[in-house]
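Here is the structure we will look at.
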Amino acid sequence: MRPPTNSAEEQPMSSSTILQFLFSGLTSGALYAFVALGFSVTYSSSGVVNFAQGQFVMLGGLVAASLNTLFDLPVLPSMLLGTAAAALTGLVVGRVFILPILKLGEFRLILVTLGISLFLEAIALLIWGTDPWALPSLLDLEPFRIGGASLSSDSVLIIVMTFTTLAGFTAFVRYTRWGRAMRATSIDRTVASSLGVNVPLTIVLAFVLSAVFGGVAGALLTPLIATGSQVGMLMTLKGFTAAVLGGISSPMGAVIGGFLLGVIEAFAGGFISSAYQNAIGLAILILLLMFRPEGLFTLTTRRA
Amino acid sequence: MRDLAHFQPRWMSFALCLVAASLPLLISQHPNFMNLAILVGIYYSVCIGLSLIFGIGGQLSLAQAAFYGIGAYTSALLSTKLGLPVFLSFAAAAVASGVIGWVLAAPILRLRTVYLAMATLAFGEILVTLIRENREITGGSTGIINLPTPTLGAFSFDTPVRYYYLVWTFALLAAWIAHNIIKSRVGAGLRAISDSEIGAASCGVDVVRYKTWMFVLGAIFAGVAGALYVHYLSFISPDSYSANFSILMVMILAIGGRTSLIGAFLGAVIVTTLPVALAGYDAYSPLLFSILFLAAVMFLPDGIAGAARSSLIDTGWSRKWRSGKEFNQ
Amino acid sequence: MILEVQEIGRRYGGVVAVNDVSFTAKEGSITALIGPNGAGKTTTLSIISGMTPPSSGRTLLEGADITGLRADQICRRGMARTFQTPQTFSSMSVLENVVVGTTPLGRISLLGVGLRLPHIAQQEQKLREEAQTWLDLVGVRGLSHEPLGKLSFGTLRLVELARALASHPKIILMDEPASGLSRAETQNLRQVLLRIRDRGTSILLVEHNMPLVMSTADHVYVLDKGKLLAGGTPGEVQTNPLVQKAYLGTAG
């Protein structure tokens, strides 16, 4: 995913250029934050790193875009239905595929989630083809001009939504029964179960939530950059990088990781070369995994 | 050592070689079949290495595409830009992928499961980007055409039949080497690592060294296979070396059977022939593959070959075979 | 002294699991490490065998410092071990499990094995034959080609022991080998331990089963709350008032 930037050879260094890089970085960072949040939620409650996480982004975006394009549904309902489609997929994935395989161990689980990712991508390919689908802007406002750089309303929306979601999720975990159940499950499944928590249901809920996060991100993203059926894997990699960067067990860390990754990528792409933007993000992942897999912000080593 | 976990009676290996040797006589009239047969040999070679590291060692490495590409590009560039004889380029491909594999192995193999998968995936993608962006050297996205044909003196491998024998000689050689390793103490040590790393270490198994060896060997096999294939096509482009290839290789082992060479072969055959069998419907092949993969991963932990083996494990015949005289290796 | 443990200590944050423990094991003897639950016996064993690094102190094997070496390096130096929960290799047959134990012997050569070079192939064959003899020694005859899945717990323990013997160790560390065994199996274990000792291999045993310890060990050390409480012959230790207090005074 390459937010529109000019590479350094074409533009002199000015504060507006830097600001522009920052804005693109925050926008893609918001996307990564959502995916990372999804990873964090499923990992915390079930120990599963869901290879298919990125596909929820794809689904949210494609369903929303096609409803709008094919049936002239207004943007907001399209986005909501896109998110719902992603949520439904998350439900099926969690209930049908993950729950039964949980006890078979990590190795099988990775392969299963990989299989699900491939399956979703294959279905998307058949339904939507390889071409990108676009959505018009939700708010349809003029882009904001700040310090010589421009920030579209869709960017603002996705950035704001990230924080709103984080706040909402944190409140959910702290104040609602289901949220506390999820928290208990993430600390220790056996203990949670003995305390009366319905652990399987909590895990499915975690998958639904992570799908919602992905779907919302996909829907909000599509006005900015058209979504295609092939974006899933890259989203998974980026989101995973962000999650590792910020610490996969912490939702706040995941969000911070997402923005950090987005901004680093934008600046690296701007100053070095936009072609290498993705590669730089991936290189960050490899370096992180080799030297600091617990992330930059984890204070305690959480139980894996 | 006779053990049903590695059930590969001699007659089966012999039969396989016989089939491999005589196949061209049957199908050389059909160029499509020859192409398929060569592709099966190429995929099989890549999967042999993967089977060692993934099937037996239990490490989900998604780096095959990277080494497949490194070998291919090394050979392509050396033969076109430096005019090196193709067989020498093949050797260079083996060395390049082996060395890079060795350098990558130590840091990467320390990683746990998912992290290893993601890191190797990332490595592959970075490589493809590097290839695409360095047009002057690698030909960029459009690739390089007119790669030379391998020659041994006056003999040129310029027909599909000849290339078929070249590829399958390599594939069977790789299989023989892997088979020897699997049956040896090294193979047992490798399986031990994936069963209980603690137990293996307590027996004196140097876990890092073993994993590195398998990783490097797999890299070398993949690299040579990559070089072989591009010189057959006379064409190379970065598209074939993305994550999809690595995932396809994992699919082969998941469906066919990841702990045995027979499984790798079975998987390679299924994966190459399925799109052809689907004929007009091959838009559906990604879907079909993903369904097969998902089903295999959920229900057949060791693929089709493994399922066949499990059902044999308790038959009277297999017990007789197992306790029979030690066959000399 | 085949094994010397010098002032070994291990702390986890504020908790001291093992505190300044020193003892020795004589060559060709059976040494036992006993103590109430939570005394730090398994941690001590874990430190000696290289699985856990000590916070302080060192371990000497035949006079050479092996502190900080990896588990596989220590095995190659001549110390093998078994585990409280047998760490056997479930995907392989009984014989193959023992063959893995021969890893430190001879040369491990990938090239030799892959290309089936004659002298390597010969070595492999010899070691496989030798593996069978260890199975006979521990009393697991006729099960060589069985997959592990159907074997009893007691048999698994014996397989693990045969595997430990396969590396020709100078000393074997055993973590509660009698736990989970029936009376008959424990009797058999005792015979096996004595057989091993009589062949010249030393044994360091962590164990709860008092009759087994007292009738088998040549020397006993008692650990309590991470510290060494007493050491001596089984008779001496049994009548030691400190030891009795430690066991009787422990609640639960």
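Bear in mind that the values here come from a model prediction, so they are computed numbers and not experimental data.
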Shortest non-hydrogen contact from C:Ile8 toward C:Thr59: CD1-OG1, 3.7 Å

Residue pair [X] / [Y], side-chain heavy-atom distance below 4.5 Å:
| X | Y | value |
| --- | --- | --- |
| B:Arg185 | C:Val100 | no |
| C:Leu148 | C:Val94 | yes |
| C:Leu105 | C:Glu130 | yes |
| C:Tyr221 | C:Val21 | no |

Using the side-chain hydrogen bond (donor to acceptor under 3.5 Å, both in side chains) rule, take B:Asp302 and B:Thr259 through it: C-alpha gap first, then chi angles, then the decisive distance, then the call. CA-CA 7 Å; B:Asp302 199 3; B:Thr259 62; 2.8 Å; yes

For [X], which atoms come within 4.5 Å of any heavy atom of chain B: side chain, backbone, both, or neither?
| X | value |
| --- | --- |
| C:Ser90 | both |
| C:Leu127 | side chain |
| C:Thr102 | both |

For the interface with chain C, which of B:Val186, B:Ile181, B:Asp206 has the highest count of heavy-atom pairs at distances below 4.5 Å? B:Asp206

Determine, stepwise, if the pair C:Arg81 / C:Ser46 fulfils side-chain hydrogen bond (donor to acceptor under 3.5 Å, both in side chains). CA-CA 10 Å; C:Arg81 72 165 288 179; C:Ser46 187; 4.8 Å; no

Show your reasoning for whether salt bridge (Lys or Arg N to Asp or Glu O under 4.0 Å) applies to C:Glu160 and C:Arg163. CA-CA 5 Å; C:Glu160 205 192 22; C:Arg163 186 184 76 189; 3.7 Å; yes

Give, for atom SG of B:Cys203 and atom CD1 of B:Ile198, the distance between the pair rounded to the nearest 0.5 Å. 12.0 Å

Stepwise side-chain contact (heavy atoms from CB on, under 4.5 Å) test for C:Ile196 and C:Val138: CA-CA 9 Å; C:Ile196 293 174; C:Val138 303; 5.5 Å; no

Listed by number, the residues in residues 65-75 of chain C that come under 4.5 Å of chain B (heavy atom to heavy atom) are C:Arg70, C:Ala71, C:Asp72, C:Cys75

Is the positively charged end of B:Arg191 above the ring of C:Phe89, judged by distance under 6.0 angstrom from the centroid and angle within 45° of the axis? no

Neighbours of chain C found in residues 100-111 of chain B - heavy atoms under 4.5 Å: none

So which bits of residues 211-220 of chain B come within less than 4.5 Å of chain C, counting non-hydrogen atoms only? B:Trp213, B:Met214

Salt-bridged, C:Lys126 to C:Glu129, with N to O below 4.0 Å? no

Test C:Leu161 against C:Met174 for side-chain contact (heavy atoms from CB on, under 4.5 Å), laying out the working first. CA-CA 9 Å; C:Leu161 186 54; C:Met174 301 178 69; 3.7 Å; yes

Intermediate values then yes/no, side-chain contact (heavy atoms from CB on, under 4.5 Å), B:Arg309 and B:Ile262: CA-CA 11 Å; B:Arg309 205 184 301 129; B:Ile262 293 275; over 6 Å; no

Partners meeting salt bridge (charged side-chain N to carboxylate O under 4.0 Å, His left out) with C:Arg10 (sequence neighbours left out): none

